[in-house]
Peer 1: 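Got a structure for you, questions after.
Computed from heavy atoms alone, side chains included, the values below leave out hydrogens, waters and symmetry copies. Order of the sequence lines sets the chain letters (A, B, ...), proteins ahead of strands, with each chain counted from 1.
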2 protein chains.
Amino acid sequence: MLSPVAGSAIVVRQSSRAPLTAAQPSARCSGCAMRHLCMPQGLPTEELPKLEALICAARKVRRGEALYRSGDRFDSLYAVRSGSLKTLIVNRDGREQITGLRLAGDALGLDGIATDVHAFSAVALEDSSICTLPYAALKTLCRESGTMQDRLHRLMGDQFNQEASQMMVLGSLTAEERVAAFLLDVSSRNWQRGYSQAEFRLRMSREDMGSYLGITLETVSRILSRFQKRGLIDAQGKLIRICDIEGLQTV
Amino acid sequence: MLSPVAGSAIVVRQSSRAPLTAAQPSARCSGCAMRHLCMPQGLPTEELPKLEALICAARKVRRGEALYRSGDRFDSLYAVRSGSLKTLIVNRDGREQITGLRLAGDALGLDGIATDVHAFSAVALEDSSICTLPYAALKTLCRESGTMQDRLHRLMGDQFNQEASQMMVLGSLTAEERVAAFLLDVSSRNWQRGYSQAEFRLRMSREDMGSYLGITLETVSRILSRFQKRGLIDAQGKLIRICDIEGLQTV
DNA sequence: CGAATAGTTGAGGACTCTCAATCGGTGTGG
DNA sequence: CCACACCGATTGAGAGTCCTCAACTATTCG
């Protein structure tokens with residue numbers, strides 16, 4: 001159980017364990033996010049300037065604000081430079097369902113590719129900084145460079161697999177297993193970013209977590225308390241410390 | 001409720017209502033599947049021969065056989081020419097979860113793009129015929145043609161949105177709503193293919209349906225019976241007739 | 001500092017699951 | 001051609017998980 005189908009980190013992979021310190025000096029994409037797509041490593045050097053020139057513009061989004069909304073016209077992909085966002089769908093009767101949590105380094109906006117209109121909304125969970133990648137320019141670049149093309153494809157594929165993994169969570173795990181899987185996922189993604197895997201500030205509310213996991217906020221809360229009593233975690237509001245990773249992994 | 005985030009048909013779209021008759025004479029892709037990607041419409045004519053030459057080779061898969069398995073090396077995308085398949089993931093403890101149903105015209109294999117290894121398995125629900133699209137050739141073609149590039153991207157985006165829609169189903173609908181949503185989805189996809197939206201043969205077992213919908217096979221069966229008593233459907237094993245679409249839509 | 005929001009905990013009930021028996025088709029062999 | 005076995009589907013009864021409603025506490029932000 002608790003089996004993500006594939007590694008859950010979307011963009012950041014084997015590459016880095018180097019800490020992404022809070023202060024990223026440049027407003028460019030150099031230190032940012034979406035390494036696979038955005039970063040020079042492995043790119044023929046002549047393509048570097050193109051990438052730099054065309055692609056990454058920074059943008060700030062404040063806590064609670066939307067980077068884009070469901071129904072907005074799609075014209076750019078995004079990468080989280082710092083901060084975090086949630087993606088969500090609003091269904092007909094107005095209820096919203098969280099579809100994902102995007103941390104620094106994650107890509108955002110793929111939900112608009114199919115129809116040129118965003119299917120999700122993306123809302124900042126804290127003040128965040130976002131790289132913008134104009135999709136048209138990106139496509140052009142991908143036509144010129146097979147490396148870039150590959151990266152974009154992999155990026156899309158990763159998102160696809162990550163969603164599949166979440167389908168698995170929603171389709172076959174109990175509430176406890178879902179919460180455990182979620183904590184482990186965040187922990188692992190934190191670790192891949194060079195932060196602590198044991199302790200992190202989870203800026204989603206209990207309600208958001210519940211919505212993401214297909215359970216109610218009360219159940220989330222109860223389960224966190226239960227985990228705490230069992231010594232698996234130490235949660236104080238949004239600050240979560242994982243005390244027993246293996247314990248969490250075995251439900 | 002019952003709100004797919006985007007149209008659920010992946011490849012086949014506004015284009016066709018023309019019946020895709022059972023006998024497709026050519027072994028090529030002309031009548032097949034994956035129109036957006038595969039078919040000539042809108043493509044500069046000089047690219048047509050390339051596409052025909054490079055891309056579509058047909059292949060048969062018999063009921064119960066796997067087109068590919070989780071863990072297999074990824075090198076091609078596929079399009080269902082005729083028949084139907086289910087995609088599934090096997091998690092650590094050996095349980096499998098159905099992740100999708102692919103009908104004629106649907107694309108298949110995207111689950112391998114991220115890692116060069118298939119995350120899903122694809123198993124035929126009936127004897128089926130499959131177009132193979134070597135991924136390397138496809139990439140080359142997409143670098144030469146913006147139209148092809150766009151189509152491939154949209155194809156991937158569609159799959160992404162379809163999964164998101166399923167996450168929504170799994171995350172926020174009751175068992176009855178899930179079954180109704182599933183029937184309506186299949187009905188609509190059938191209709192888009194030029195077949196009846198009211199009557200179709202659903203080749204998944206109750207167990208498969210349950211797995212796909214995150215409920216047990218018994219619950220699926222009970223709910224189908226309930227729907228039948230209410231006059232919403234008329235189900236005889238795998239043959240399903242929808243009597244009251246609007247009724248199904250309102251739960 | 002205080003109002004509003006977020007989180008915790010409890011009790012009762014609803015929904016879905018589990019276990020089990022039965023029914024029904026399909027294919028095989030006598 | 002029929003009997004039987006086998007697999008899938010149906011239906012029932014009881015149990016368990018999770019939800020709903022509600023009260024209360026803690027935290028956050030103006």
Peer 1: Starting at CD of B:Gln228 and ending at P of D:dT10, how long is that distance when rounded to a whole Å?
Peer 2: 9 Å
Peer 1: Give a yes or no on whether the backbone of B:Ala235 and the side-chain of B:Gln228 come within a donor-acceptor separation of less than 3.5 Å.
Peer 2: yes
Peer 1: Keeping A:Arg81 on the side-chain end and A:Ser128 on the backbone end, is there a donor-acceptor pair under 3.5 Å?
Peer 2: no
Peer 1: Quick check against the 3.5 Å criterion: does A:Asn161 have a side-chain atom that pairs as donor or acceptor with the backbone of A:Asp158?
Peer 2: no
Peer 1: Considering only NZ, NE, NH1 and NH2 on the basic side and carboxylate oxygens on the acidic side, decide whether A:Arg203 and A:Glu126 come within less than 4.0 Å.
Peer 2: yes
Peer 1: I'd like to know if B:Asp185 and B:Arg178 make a salt bridge, using a cut-off of under 4.0 Å between side-chain N and carboxylate O.
Peer 2: no
Peer 1: When the distance from CD of A:Glu177 to P of D:dT17 is rounded to whole Å, what number comes out?
Peer 2: 11 Å
Peer 1: Give B:Ser225 one of three labels, base, sugar-phosphate or nothing, depending on what nucleic acid heavy atoms sit under 4.0 Å from its own.
Peer 2: sugar-phosphate
Peer 1: Could you check whether A:Asp244 pairs with A:Arg230 (Lys NZ or Arg NE/NH1/NH2 to Asp/Glu carboxylate O, under 4.0 Å)?
Peer 2: no
Peer 1: Can you tell me which residue pairs pass the ring-ring contact (aromatic ring centres under 6.0 Å, His included) test with a partner in residues 169-188 of chain A, sequence neighbours excluded?
Peer 2: A:Phe182-A:Tyr212
Peer 1: Tell me the interatomic distance from A:Arg178, atom CZ, to D:dT17, atom P, rounded to whole angstroms.
Peer 2: 14 Å
Peer 1: How many whole angstroms separate atom CE of B:Met204 from atom P of D:dA9?
Peer 2: 12 Å
Peer 1: Tell me: CZ of A:Arg203 to P of C:dA6, nearest whole Å?
Peer 2: 15 Å
Peer 1: Distance-only check: which donor-acceptor pairs under 3.5 Å involve side-chain atoms of residues 66-77 of chain A, not counting sequence neighbours?
Peer 2:
residue : atom : partner  : partner atom : Å
A:Tyr68 : OH   : A:Gly109 : N            : 3.2
A:Tyr68 : OH   : A:Asp111 : OD1          : 2.7
A:Ser70 : OG   : A:Ala119 : O            : 3.4
A:Asp72 : OD2  : A:Arg69  : N            : 2.8

Peer 1: As a quick check of understanding, evaluate side-chain contact (heavy atoms from CB on, under 4.5 Å) for B:Met209 and B:Ser205, giving each step before the final call.
Peer 2: CA-CA 6 Å; B:Met209 287 175 59; B:Ser205 67; over 6 Å; no
Peer 1: What is the distance, rounded to the nearest whole Å, between atom CD1 of B:Ile240 and atom C1' of D:dG8?
Peer 2: 14 Å
Peer 1: For C:dG25, does either OP1 or OP2 sit under 4.0 Å from a side-chain N or O belonging to B:Lys238?
Peer 2: no
Peer 1: Can you tell me how far C1' of C:dG25 sits from CG of B:Leu239, to the nearest Å?
Peer 2: 14 Å
Peer 1: Please report how far the helix from C:dC1-D:dG30 to C:dG30-D:dC1 bends, comparing the axis fitted to its first five pairs with the axis fitted to its last five, to the nearest 10 degrees.
Peer 2: 40°
Peer 1: All N/O contacts under 3.5 Å from nucleotides 15-20 of chain C to the protein, with atom names and distances to one decimal?
Peer 2:
residue : atom : partner  : partner atom : Å
C:dT16  : OP1  : B:Ala175 : N            : 2.7
C:dC17  : OP1  : B:Thr216 : N            : 3.4
C:dC17  : OP2  : B:Thr216 : N            : 3.4
C:dC17  : OP2  : B:Thr216 : OG1          : 3.2
C:dC17  : OP2  : B:Thr219 : OG1          : 2.4
C:dT18  : O4   : B:Arg222 : NH2          : 3.0
C:dC19  : N4   : B:Glu218 : OE2          : 3.2

Peer 1: Output side-chain donor-acceptor pairs under 3.5 Å for residues 219-227 of chain A, partner residues at least two apart or in another chain, one line each.
Peer 2:
residue  : atom : partner  : partner atom : Å
A:Thr219 : OG1  : A:Thr216 : OG1          : 2.9
A:Ser225 : OG   : A:Ser221 : O            : 3.1
A:Arg226 : NH1  : A:Glu176 : OE2          : 2.8

Peer 1: Using whole Å, what does the distance between atom P of nucleotide D:dA9 and atom CG of B:Leu224 come to?
Peer 2: 10 Å
Peer 1: Scan nucleotides 24-30 of chain D nucleotide by nucleotide, 5' to 3', and note B when protein non-hydrogen atoms come under 4.0 Å of the base, S if they reach only the sugar-phosphate, - if neither.
Peer 2: -----S-
Peer 1: Could you check whether A:Asp127 pairs with A:Arg63 (Lys NZ or Arg NE/NH1/NH2 to Asp/Glu carboxylate O, under 4.0 Å)?
Peer 2: no
